[in-house]
Protein chains: 4
Amino acid sequence: MAPRPKNPPPDRRAEILDAALRLFAAKGFEAATNAEIARAAGVTAAALYYYFPNKEELFRAAVREHVGTFVPTVADLTRADRGLESLRELLRRAMDFFTDGKSQMVLKIVLAEGPRRPEIRQAWIDQTAAILEMLTPFIMHAIAAGQIRPVDPRLAFMLLQGPIMSAVVLRDLLQIPFMQGIENDAVVDALLEITLPGLMPNR
Amino acid sequence: MAPRPKNPPPDRRAEILDAALRLFAAKGFEAATNAEIARAAGVTAAALYYYFPNKEELFRAAVREHVGTFVPTVADLTRADRGLESLRELLRRAMDFFTDGKSQMVLKIVLAEGPRRPEIRQAWIDQTAAILEMLTPFIMHAIAAGQIRPVDPRLAFMLLQGPIMSAVVLRDLLQIPFMQGIENDAVVDALLEITLPGLMPNR
Amino acid sequence: MAPRPKNPPPDRRAEILDAALRLFAAKGFEAATNAEIARAAGVTAAALYYYFPNKEELFRAAVREHVGTFVPTVADLTRADRGLESLRELLRRAMDFFTDGKSQMVLKIVLAEGPRRPEIRQAWIDQTAAILEMLTPFIMHAIAAGQIRPVDPRLAFMLLQGPIMSAVVLRDLLQIPFMQGIENDAVVDALLEITLPGLMPNR
Amino acid sequence: MAPRPKNPPPDRRAEILDAALRLFAAKGFEAATNAEIARAAGVTAAALYYYFPNKEELFRAAVREHVGTFVPTVADLTRADRGLESLRELLRRAMDFFTDGKSQMVLKIVLAEGPRRPEIRQAWIDQTAAILEMLTPFIMHAIAAGQIRPVDPRLAFMLLQGPIMSAVVLRDLLQIPFMQGIENDAVVDALLEITLPGLMPNR
DNA sequence: CATGAATGAGCCTTCATTCAT
DNA sequence: AATGAATGAAGGCTCATTCAT
C-alpha cells in the first residue's frame, strides 16, 4: 500500500504564529485579541492554550520566530570580505530585507512594543549586537586598509542604517505621501554615492 | 458625595494632558488606563470626561499638543538662509529637539500608534510636510548655488534625518547597550563631517 | 413713571417641570437624564437641585402637576346631574381629555412607571378613587331611576372607560397602524350607541 | 480562574430569558441590571454575553419569546366558527390569558417600553395585526349573518377588548384597591350581557 | 487535539449629586 | 439664583483564561 501523504498536515502551531504576527503587527499587543488571532488561524481561542501557555508567550514566540533573520546575511557578507563591495551588497540586501512584509510586521512590533517590553527589546538588542559584532571588525579592517577614514564604527553604522530606517518608517510604516515613490534602489544609491564617499579618506 | 480640592485653581486640563502624554508614551494607548492617567493628574477618572469626550479624544489632544513643535525652528533657520551654516545649525537643533523628553514621548507614540491610527499618522504627515516644504526650496537653492550637488531633496532629507532618527530610536527608545554613550554632538559631527561632504559637489 | 413689566418673568420651576414631564414621558424615568431635562429647560443640571431635592422628587412633582386634572370635569358633570345626557358628555370629554398631549404624557408615565413606583400608582389611585366616588352615586342614582339596569358600578366603569383607554393606547401610544384614522367621535359614538344601550334595562 | 457548576446541563439560554423577562417586567429595561438578571438565572453577567450580543438583544429575545402566544388561540376559535358562541369563548380565553403571570409581564413591558422602542412596538403591532386579520372577517361574517349590527370591526374590537384591558391594567398592573375583587368571570359576563347585546341588531 | 461554556477581573463611560463661588 | 468643576458609584461590555468533555 502507498504511503498516506494526506492533505498537507496542517501545522497548527505555525498557522497560529503566523496569524498572531500579522495581528500583533496590525493592532498591537493589547488590541489584538485571542479570539481574533484564533479566528484568523482557523481555530478556537481555547486552542491557543494548547500550544502556548498564554497570550504573552504567544506574542514572544511570534516575534522571536522572525527577529534575527537578517543576521546570517550579514554573516555571509562580512565573512567573504570583499571590502567596499561587500558593504554595498549589504546595504542593498538590508534595504530589501526591511521592505519585505514580514520584516515590516516585526519592525512595527519592535518599534511599538520594544520600548515597553523588555523581552522584545532584548530580542532586538541581541540581533543588533550580533550584527555589530560582525560589522565592527569589518569596519576596523576597512579603516586599517585605508579604505575608509577612521570613525567610531557605531557612528558609521548609524550613518548607513539610519537612512534605511528612515525610508522604511516614513515611506512604509507611516506612509507619508511625500515619500511615496522613492525606490529602494534610490535610497541605496544615495548611500553609495553620497554617504559612502564621505566616509572615504580625504585624498 | 463630591468634595473637592480647591485653593490654587490649577490648570486641570493641562495637567491631564501632561499625565496622558506621559502614560500613553510609557504604556501605549490601550494599556494606559483612564484611572491611571487620572491618578497621575490628581483627579478622578470621571473628571477626564469633563474635559474630553472620551479616551480617544484625550489621546489625540495629548499628541496634537506637541506634534509640530519643531516646525517653527525649521522656519526660522530656513528663512534666515545662511546656507550650509543654517543646515549645520538645523541638524544640531534637530538632534537636541528629539532628545528632549517630551519629543521622545511623542516619537514613541507616533512610532507605536501611527501605523494604526490615521489621525496620529496624519499629524505626523502634516508636520513632515510643513518641514519639507521649507526645506525643499532651501536645498534647491543650495544646489543652484553650487553648495551641494544635485540630489532628490527627499533623499537628502533621509540621509540627514535618518541617522538622527537611528540614534534616537536605537540609543534612547530601544536603549541598545552598544549605542549608549554616543553623544548628540558626535552624531551631529558625523553628519557634518561625513554625510555633508559627501553631499558637496565633486571638486 | 410707568410700571416695569420687563420681559415675562421666567418661571424656572414651571419650565423645568414642563421639560421634565416631556422627557420622562418620552424616555422613561431612568433614561431621561438630569442634564437633558436641564438643557431642555434652559438651565444647568445643578440648577435642578435648587428647585427640587433630587431627581425622584422632580419626577413626582412633574407627574403630580398633571394627574387629577380631569377630576373637576367629572365633578361638574355629575353634580349637574342631567342623567344619561351627563354621561354622554362625560364620555366625550374623557375621550378628548386623554387625547390631549399632556394627558398622554402622563398616561405614558403612569403605565410605564406606575406598576413599579408606589407614589405614581398612588397618584393614579387617588384620581381614580375621586372619580369613582363621584361616579358611583351617579350610577346608583341612574339605576334607581330605572335609566340603566342594575350593575356593579365598577363594571360599568370598565365597560365605558375600557374602550377609551384601548383607543388611546392602541392608536396613540403604540400607534398601531390598523387603528390609525379612528376618530375620537367614532369611539364615543360607538360607546353611546352600543355599550350604553346594552346598559339600559330590557324593555 | 473559571470553575463552573456542571452536572445537569440545564438550558441556560432559557433560564436567562426567563429571568430577564421577569426582571425587565418588574423594573424596566434600564433599571434591570445585567448582574441582577444573571444572578436570577444562576450565572455570571459575562455569561449573558455568551448567549446574547448585548442587553438590548437579550431584552428583545425575552419579549419576542412570549409576544404572540395568544394568536393560535384566536386562530382556533375563529376557524371553528361557531358564531357568537366562539366570540364568548374568545372573550373568556382572552381574559384568562392576560391574567396569566407571563402575559402580564409582557404587557407591562409593552406598555412601558412600547411607546419608545420601535422593535417592541412592532412585535405588538404584528400580534395585533395577526389577531385582527382573523377577527375582521369573523365579525364581517357575523354582520352578514345578521348576528350583530353593522359596525366598524375596529370599533367592535375596542368595545370588547377595551374592558378586558381596563380590568387587567387597573386591577392587576396598577392594583387599584377599588378594583380588587372583581373576578375575571364578572368582566366577561358584563361583556356578554351588556356590550354584546348592544352589538346585536335592533329588533 | 480541540471546543463549548463559563468566569473573574477590569475598563470605559454615564450619571446623579455636591459645593464653592 | 445659578453654575462650573468635580466626584463616587455603578453599569455594560470585553477579554484572557479555564476545564470538562
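We name chains A, B, ... by the order of the sequence lines, and we start the count at 1 in each one.
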My understanding is that only residues two or more places apart in sequence, or in another chain, count here; which of them pass side chain to side chain donor-acceptor pair (under 3.5 Å) with B:Q127? none
With sequence neighbours left out, what residues match B:E15 under side chain to side chain donor-acceptor pair (under 3.5 Å)? B:R12
Look at the side chain of B:Y50 and decide which nucleotide, out of F:dA5, F:dA16, E:dT3, has an atom nearest to it. F:dA5
Among F:dT7, E:dG8, E:dT17, the one nearest C:N54 by side-chain distance: E:dT17
Listing for DNA chain E: consecutive Watson-Crick or G-U pair runs of at least 3, distance cutoff 3.5 Å, ranges ordered by first number, gives E:2-21 with F:2-21
Distance check needed: [N] [atom2] versus [X] [atom1], whole Å only.
X: B:K55; N: E:dT13; atom1: NZ; atom2: P; result: 8 Å
X: D:E56; N: F:dC13; atom1: CD; atom2: C1'; result: 14 Å
X: C:F59; N: E:dA16; atom1: CZ; atom2: C1'; result: 16 Å
X: D:L48; N: F:dC15; atom1: CG; atom2: C1'; result: 16 Å
X: C:L58; N: E:dA16; atom1: CG; atom2: C1'; result: 12 Å
X: A:F24; N: F:dC15; atom1: CZ; atom2: P; result: 13 Å
X: C:F52; N: F:dA2; atom1: CZ; atom2: C1'; result: 15 Å
X: D:D11; N: E:dA5; atom1: CG; atom2: P; result: 11 Å

Please report the interatomic distance NZ(D:K55) to CZ(D:R60), rounded to the nearest 0.5 Å. 13.5 Å
Any residue of residues 26-44 of chain C with a heavy atom less than 4.0 Å from an atom of DNA chain F: C:V43, C:T44
Check side-chain contact (heavy atoms from CB on, under 4.5 Å) between [X] and all other residues, then give those that pass, not counting sequence neighbours.
X: B:A26; result: none
X: D:D126; result: D:Q122
X: A:F59; result: A:F24, A:F29, A:V63, A:I109, A:E113, A:R117, A:I120

Ignoring hydrogens, what is the shortest heavy-atom contact between D:I16 and D:I37? Give both atom names and the distance. O-CG2, 4.3 Å
Kindly say if A:R12 contacts the phosphate of E:dC1, meaning a side-chain N or O under 4.0 Å from OP1 or OP2. no
Can you name the residues that form a salt bridge (Lys or Arg N to Asp or Glu O under 4.0 Å) with C:K27, not counting sequence neighbours? C:E36
Contacts of C:D172 meeting salt bridge (Lys or Arg N to Asp or Glu O under 4.0 Å) (sequence neighbours excluded), chain-then-number -> none
NA contact type, A:Y51, heavy-atom cut-off 4.0 Å: base, sugar-phosphate, or nothing? sugar-phosphate
Whichever of D:Y49 and B:A45 has its nearest DNA chain F nucleotide further upstream toward 5': B:A45
